[in-house]
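Heads up: the structure comes next, in structure tokens.
Note that the structure is a prediction, hence the values are computed from the model and not measured. In what follows, every chain begins at residue 1, and chains take the letters A, B, ... in the order their sequences are listed.
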Amino acid sequence: MKIATWNVNSIRKRLDRVIPWLTQYQPDVFCVQETKVEDDAFPRLEIEAAGYHVLCHGQKTYNGVALLSRQPARDAVRGFGDSVEDAQARFLVATVGDVRVGTVYVPNGQTVGSDKFAYKLDWFGRWRKWLSAHADPGMPLAFCGDINVAPDDRDVYDPVGWKDQVLCHPDERAALGEICRWGLADVFRQHHAEAGLYSWWDYRQLAFPKDLGLRIDLVLCTASLAARCTSIAIDRDARKGQNPSDHAPVIAEFT
DNA sequence: ATGGTTGCTTAGCAA
């Protein structure tokens, strides 16, 4: 089973890249973030024509996630379903085959100390509560997406310059740590220990050609699923050329 | 150097 994740930065703007990519790699499950479109305007027909079933959870202008799958997905959940009034579409979970899969777009946080940063930390806490209430660490479960946290300094091109900045701040690393402590592992690090492997490069300042990137797009798996992961890779080539997303896709293979 | 690039929506926000 192949599971992929990609922050596409607008599914409509990126469709001419996403469809050929899907056709080439044929993931069984494809988690998408930053679709930036309401559900009734999602390019469903084009994606179905490429052989995928579509679950989406979007909103106007910002955010939005989707889960595409070759087989129909079941038991879909949109949002945390908690007591918080929250219009931001960032969380979608469904089951494909024997695996429960979540596509998540963690809030960026903008700057440390801002209201948006507080929302980000709170969002992690709500996610952690969702896990306690709706999942079990013993089940085969993967959460894939733009986590908007570089887990450690190996994931950052300039750890000194980024120290205590948003995406690298100890408070958000600790919040991600609580998610992992519940029972989800960053499976990329089971297969690659080296520094300098990134999934996002800013559009500005020629960051991609200079390889000034961060690894913030993760596949988080429970132990039983992590044990089935035979390979995981970042498709850096998908960041090249005309009209790229600022993120590259990540593809994981499971037995 | 508070810049710079992109997307959505059309002036300003978010990333």
Side-chain angles (χ1 to χ4, degrees), chain A residues 5-19 21 31-44 46-47 56-66 79 85-92 103-124 127 144-151 155-158 160-169 171-173 175-176 198-218 234-250:
Chain A
T5 182
W6 196 0
N7 178 327
V8 296
N9 187 16
S10 168
I11 187 67
R12 288 179 293 183
K13 188 77 177 178
R14 217 63 61 205
L15 205 58
D16 290 347
R17 277 178 166 263
V18 168
I19 297 288
W21 191 90
C31 297
V32 188
Q33 300 87 38
E34 276 207 271
T35 54
K36 294 188 171 180
V37 65
E38 291 174 299
D39 292 349
D40 58 7
F42 194 92
R44 177 179 290 274
E46 296 90 330
I47 287 167
C56 53
H57 177 44
Q59 65 183 98
K60 193 177 167 72
T61 311
Y62 303 120
N63 310 320
V65 290
E85 187 110 5
D86 190 350
Q88 299 194 29
R90 299 179 174 277
F91 186 89
L92 168 62
T103 172
V104 294
Y105 177 45
V106 173
N108 171 280
Q110 198 168 65
T111 53
V112 173
S114 67
D115 289 350
K116 291 188 176 68
F117 191 74
Y119 174 78
K120 179 181 197 173
L121 296 180
D122 188 58
W123 198 94
F124 268 112
W127 182 10
C144 311
D146 180 354
I147 304 301
N148 263 323
V149 177
D155 305 310
V156 183
Y157 69 88
D158 176 13
V160 174
W162 279 81
K163 182 177 162 55
D164 295 340
Q165 302 296 306
V166 74
L167 309 184
C168 299
H169 192 275
D171 290 353
E172 51 193 311
R173 284 178 168 170
L176 173 59
Y198 309 129
S199 66
W200 169 81
W201 300 260
D202 200 296
Y203 281 127
R204 298 165 289 189
Q205 308 285 102
L206 299 172
F208 182 67
K210 292 150 102 173
D211 202 24
L212 307 179
L214 273 65
R215 191 178 68 90
I216 56 177
D217 298 271
L218 309 183
I234 300 168
D235 180 18
R236 200 177 182 286
D237 289 344
R239 180 63 173 79
K240 299 176 179 173
Q242 293 279 58
N243 302 317
S245 168
D246 46 349
H247 295 253
V250 183

Measuring only the [atom1] atom in each nucleotide, how far is [N] from [M]? A whole number of Å is fine.
N      : M      : atom1 : answer
B:dA1  : B:dA11 : C1'   : 25 Å
B:dT2  : B:dA15 : P     : 23 Å
B:dC13 : B:dT9  : C1'   : 10 Å

Exercise. Looking at A:Asp164, A:Thr111, A:Val149, which one forms a side-chain contact (heavy atoms from CB on, under 4.5 Å) with A:His169?
Worked result: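 For A:His169, the side-chain contact (heavy atoms from CB on, under 4.5 Å) test succeeds with only one of A:Asp164, A:Thr111, A:Val149, which is A:Asp164.
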For this session: Using side-chain contact (heavy atoms from CB on, under 4.5 Å) as the criterion, point out the one residue from A:Asp217, A:Val104, A:Leu167 that pairs with A:Ile147.
Result: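 Single side-chain contact (heavy atoms from CB on, under 4.5 Å) partner of A:Ile147 among A:Asp217, A:Val104, A:Leu167: A:Val104.
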Report the distance from atom [atom1] of [X] to atom [atom2] of [N], rounded to the nearest whole Å.
X        : N      : atom1 : atom2 : value
A:Asp202 : B:dT2  : CG    : C1'   : 14 Å
A:Leu212 : B:dT5  : CG    : P     : 14 Å
A:Leu214 : B:dA15 : CG    : C1'   : 13 Å
A:Gln205 : B:dA1  : CD    : P     : 14 Å
A:Leu206 : B:dT6  : CG    : P     : 10 Å

Exercise. Between A:Leu176 and A:Pro151, which heavy-atom pair has the shortest distance, and what is it?
Worked result: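 So the minimum-distance heavy-atom pair works out to CD2-CG, 4.2 Å.
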For this session: Can you see which heavy atom on A:Ala207 is nearest to which on A:Trp201, and at what distance?
Result: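 It is O-CD1, 3.8 Å.
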Exercise. In terms of side-chain heavy atoms, does A:Glu34 have a donor or acceptor partner in A:Asn7 at a distance below 3.5 Å?
Worked result: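 A:Glu34 vs A:Asn7: donor-acceptor pair found between side chains.
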Exercise. Is it the case that A:Asp86 and A:Tyr119 place a side-chain donor and acceptor less than 3.5 Å from each other?
Worked result: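 Present: a donor and an acceptor within the cut-off.
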Exercise. When you match A:Arg204 and A:His247 each to their closest nucleotide on DNA chain B, which lands nearer the 5' end?
Worked result: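 It is A:Arg204 whose nearest nucleotide is closer to the 5' end.
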Problem set entry | Contact letters for nucleotides 7-14 of chain B, in which S counts primed atoms plus P, OP1 and OP2 and B counts the base, heavy atoms under 4.0 Å | SSS---BS
